[in-house]
*Asks:* 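Let me give you the structure first, and then I'll get to my questions.
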Amino acid sequence: VQLQASGGGLVQAGESLRLSCAPSGRTFSNNVMAWFRQAPGKEREFVAAITWSGGGTYYKDAVKGRFTISRDDTKNTLYLQMNSLRPEDTAVYYCAADRNQRRTYTGPTYYSRGIYNYWGQGTQVTVSS
């Protein structure tokens, strides 16, 4: 099973990007999915998650109001729309998926790397000032 992330690039502060994540080998339409990011020299951190039904979303405080996570299960694709990008958003962005189907967690659990079993290879996002 592979998660193929794409859509990264080099943009200026204030611009937008949309990341996509397309799993291969299986469908994740009934699984919690998320985006994490890792900047040079820093730990990988949570960015956003979406419940298996798509009815709930969770965000890191620093991206609330600027980023939107969504899923299109007809296309088996996860998205991250990133607006008003800042230099501090510069990182490699990874998509991730929970192996459990139709699982609902308490809020803080979605932020934990521990529930995500499948990871993509990452896509670089660079925001210049």
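Quick caveat, the model's predicted, so the values are computed rather than measured.
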*Asks:* How about Gln2: does its CD atom have over 12 heavy atoms from other parts shown lying under 6.0 Å from it?
*Replies:*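 Result for CD/Gln2: open.
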
*Asks:* Could you check whether any side-chain N or O of Asn76 sits under 3.5 Å from a backbone N or O of Phe28, counting only pairs where one atom can act as donor and the other as acceptor?
*Replies:*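 Between the backbone of Phe28 and the side chain of Asn76 there is a qualifying donor-acceptor contact (under 3.5 Å).
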
*Asks:* Report the C-alpha distance between Arg86 and Asp89 in whole Å, list the side-chain angles of each, state the deciding distance to 0.1 Å, and finish with yes or no for salt bridge (Lys or Arg N to Asp or Glu O under 4.0 Å).
*Replies:* CA-CA 5 Å; Arg86 304 168 180 170; Asp89 295 319; 5.4 Å; no

*Asks:* Does any part of the side chain of Ile115, heavy atoms only, come nearer than 4.5 Å to the side chain of Thr109, both counted from C-beta?
*Replies:*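 Result yes, sub-4.5 Å side-chain heavy-atom pair found.
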
*Asks:* Let me check something: do Val47 and Leu17 share a hydrophobic cluster, defined by ILVMFWY side-chain heavy atoms less than 4.5 Å apart, either directly or through other members?
*Replies:*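 Val47 clusters together with Leu17.
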
*Asks:* So if you build clusters from Ile, Leu, Val, Met, Phe, Trp, Tyr with side-chain heavy-atom gaps below 4.5 Å, do Val63 and Ile69 land together?
*Replies:*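 In one cluster with Val63: Ile69, yes.
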
*Asks:* Please examine the side chains of Tyr93 and Met82, heavy atoms only from C-beta on, and report whether any two atoms are closer than 4.5 Å.
*Replies:*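 Sidechains of Tyr93 and Met82: in contact.
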
*Asks:* In the structure I gave you, are the side-chain heavy atoms of Val32 and Tyr105 within less than 4.5 Å of one another anywhere?
*Replies:*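 Sidechains of Tyr105 and Val32: in contact.
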
*Asks:* If only side-chain N and O atoms count, and only distance matters, is there a donor-acceptor pair under 3.5 Å linking Gln124 with Thr126?
*Replies:*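 Their side chains do contain a donor-acceptor pair, which is all the 3.5 Å distance test asks for.
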
*Asks:* Taking the side chain as every heavy atom from C-beta outward, state whether Leu78 and Trp35 have any pair of such atoms under 4.5 Å apart.
*Replies:*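 Side chain of Leu78 against side chain of Trp35, heavy atoms only: contact under 4.5 Å found.
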
*Asks:* Is there side-chain contact between Asp98 and Tyr118, with heavy atoms separated by less than 4.5 Å?
*Replies:*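 No, their side chains stay 4.5 Å or more apart.
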
*Asks:* Name the orientation class of the two ring planes belonging to Tyr111 and Tyr58 (parallel below 30°, tilted from 30 to 60°, perpendicular beyond 60°).
*Replies:*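 Ring orientation of Tyr111 relative to Tyr58: perpendicular.
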
*Asks:* So do the side chains of Pro23 and Gln4 get within less than 4.5 Å of each other, counting heavy atoms only?
*Replies:*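 No, side chains not in contact.
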
*Asks:* Report yes if some heavy atom in the side chain of Thr77 is under 4.5 Å from a heavy atom in the side chain of Tyr79; otherwise report no.
*Replies:*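 Thr77 reaches Tyr79 side chain to side chain.
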
